[in-house]
Amino acid sequence: MLVTPAQLSAQLLVIVIDALERRGAVDAEVTIDDVKLDRPRNRDHGDWASNIAMKLARSVATNPRELALELAESIQAIDGIASVDVAGPGFINITLDAAAAGAVAKTIVEQGPAFGNGTLYDGVKINLEFVSANPTGPIHLGGVRWAAVGDSLARIFTAEGGLVTREYYFNDHGGQIDRFARSLLASYLGEPTPEDGYGGQYIADIADRVVTAYDAGELTRLDRADQQEVFRSIGVDLMFGDIKKSLHDFGVDFDVYFHENSLHEQGAVEAAIARLRELGHIFEADGATWLRTTEFGDDKDRVVIKSDGEASYISGDLAYYLNKRERGFERNIIMLGADHHGYVQRLMAMTAAFHDVPYVNLEVLIGQMVNLVKDGTPQRMSKRAGTVVVLEDLVDAVGRDAARYALVRSSSDSQLDIDLDLFTKRTNDNPVFYVQYAHARTHSVARNAADSGVDRSVFDASLLTHETESVLLGVLAEFPRVVRQAAELREPHRVARYAEELAGAYHRWYDNCRVTPLGDEPVSDVHRTRLWLNDATGTVLRNALGLLGVSAPERM
RNA sequence: GCGCCCGUAGCUCAGCGGAUAGAGCAAUUGACUACGGAUCAAUAGGCCGGGGGUUCAAAUCCCUCCGGGCGCACCA
């Protein structure tokens, strides 16, 4: 028999509703969220705790402790509950009996990779657009953060049943590409970097590769404009290939690489504007064509066709959004850097203009900047100056797992300072190794167990009575909820922090409870049952690391 | 001026309105003739930026001020 926090909550809900009805408080509404159980920090407060009595006391005109005592009596009757206490101002503290608490270990081993999965987004088509760095240079640290976070989020949504498409929007249209092409051409001709162009060694490298790929002799016979076109088309392709490769090496692969240019070429931009015109949100002024975004809360209206007849940047996004909707995505999530947060409002206005629901059909996640710090002072990162710390540098310095983990273990709402020296020097201090080591240890223990003749032929959860065992079991049981919360809040860092907590609980258990017998001690059911617990921990650590895109080595 | 994010231990950061605010690193001290010491145990370190408010309960929600970052284009 297994008692999960979710089951317990469901039963508690029935008890609470029953109690309210008995008191005649029919108008008090209680949902499953209200009876969510907490895992108390202090073990003296039981395995699970509820604050429901304090929340409801007012609505039934009683004091919290009295209500808590009444509820506690009913809770006591639930199968698998060892004891129920009312403490403090009205907390209900629930302690499971060892068998009920321990059963989760067996469940985890049996479910394997599926343990932790949920149904939050069952069958929902989700489009996750991230990185989308311009093909004018390598991916810098800010983009790397989104690569790590976005890919992890995709994994988490998938675990919750979502049908996720990872998408990269490739801005291969507009003035920046011209600047890129002119920069390549200047490098080729030995001219200084154009005023508004891109500098750095990579420009020279790409220019050389373009020359190789095209035909050096042929190139000299072209006029300047044609030469620039050669550098544009081949240069962008090469740059884009490099970006794809470095992302792939980082463990991030996209399902769709969407070219902005294709929208312009296929008339999708005109179609999107025509659609908005039908809906009555387009007007002409000052020789330009505008979208009346102020109607939907934007600060000012936005130009979609400039007075020179060119489409503005946002018009590409109009067409792109419509395209995503036509491909059937109910939820479209775009991840942007903090330097683009001013763009959010007009995207939401656009969503509303299409008669869609802002923040539901379209959602924009803003990630704060990543700063590179050296000797305590922030280093300027600039693609144009060529002083970029790029994805490859980071991976070369600390390795893929450590890099991904470091970028994903903090909230995206916080700015991240990365001291590369520190980061490089203290590789072993990265908590990822603490977690990976715990995972490797579970396998080491399992190997030793096999050698000692300990197998999983018996599982008796009532034998898991050590304090470190009940703590470990509690942490294990919480994993599905952590995954769900990470999905709801779009916060993969919660999974990372959870993994650290689990690793800690495991190490402490390891220190106190042996799986293999010592010396001549015979193999007993305690050893066999502990092997289940050991293997369950390994499974959850692997699953958690998997959601972060970090490997779970069996040996280190 | 307006908007978004942040301010928690010496440092880097967690903390879903709950009980004595946590982890890692750094500091000090211990633990292998016991499944891997990339570990564990312990000590020390905090007016959770300041001030109001809401609440039985605030690091968490609201207001305000201070500090830091980033934005406010017919650029992309």
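In what follows, chains carry the letters A, B, and so on, assigned in the order in which the sequence lines appear, proteins first and then strands, with residues in each chain numbered from 1.
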Rounded to whole angstrom, note down the P distance from B:G17 over to B:C35. 43 Å
Give a yes/no on whether any side-chain N or O of A:S410 is located under 4.0 angstrom from OP1 or OP2 of B:C13. no
Under 4.0 Å between a Lys/Arg side-chain N and an Asp/Glu carboxylate O for A:E70 and A:R23? yes
With a centroid cutoff of 5.5 Å and a plane-angle limit of 30°, would you call A:Y510 stacked on B:C40? no
Where the side chain of A:R497 is defined as all heavy atoms beyond and including C-beta, which of B:C13, B:G69, B:G71 is the nearest nucleotide? B:C13
Nearest-angstrom distance, C1' atom, B:A58 to B:C63: 15 Å
Over all strands shown, is A:R514 touching base, sugar-phosphate only, or nothing at heavy-atom distances under 4.0 angstrom? base
Can you name the nearest heavy-atom pair linking A:R514 to A:H527, along with the distance? O-CD2, 3.9 Å
Between A:S414 and B:A14, does any side-chain N or O lie under 4.0 Å from OP1 or OP2? yes
Per-nucleotide protein contact string for nucleotides 15-20 of chain B (B base, S sugar-phosphate only, - none; heavy atom under 4.0 Å): SB-BBB
Under 6.0 Å from the six-membered ring centre of A:F180 and within 45° of its axis: does the NZ or CZ of A:R232 meet both? no
So which nucleotide from B:C5, B:A14, B:C74 ends up closest to the side chain of A:V303? B:C74
I want to check one thing: is the phosphate of B:C2, taken as OP1 and OP2, less than 4.0 Å away from some side-chain N or O of A:K300? no
Could you tell me the separation between the OG atom of A:S83 and the CG atom of A:N93, rounded to the nearest 0.5 Å? 9.0 Å
Please classify the nucleic acid contact of A:I366 as base, sugar-phosphate, or nothing, using heavy-atom distances under 4.0 Å. nothing
Mind telling me whether A:F157 and A:Y121 have parallel, tilted or perpendicular rings, with 30° and 60° as the class edges? perpendicular
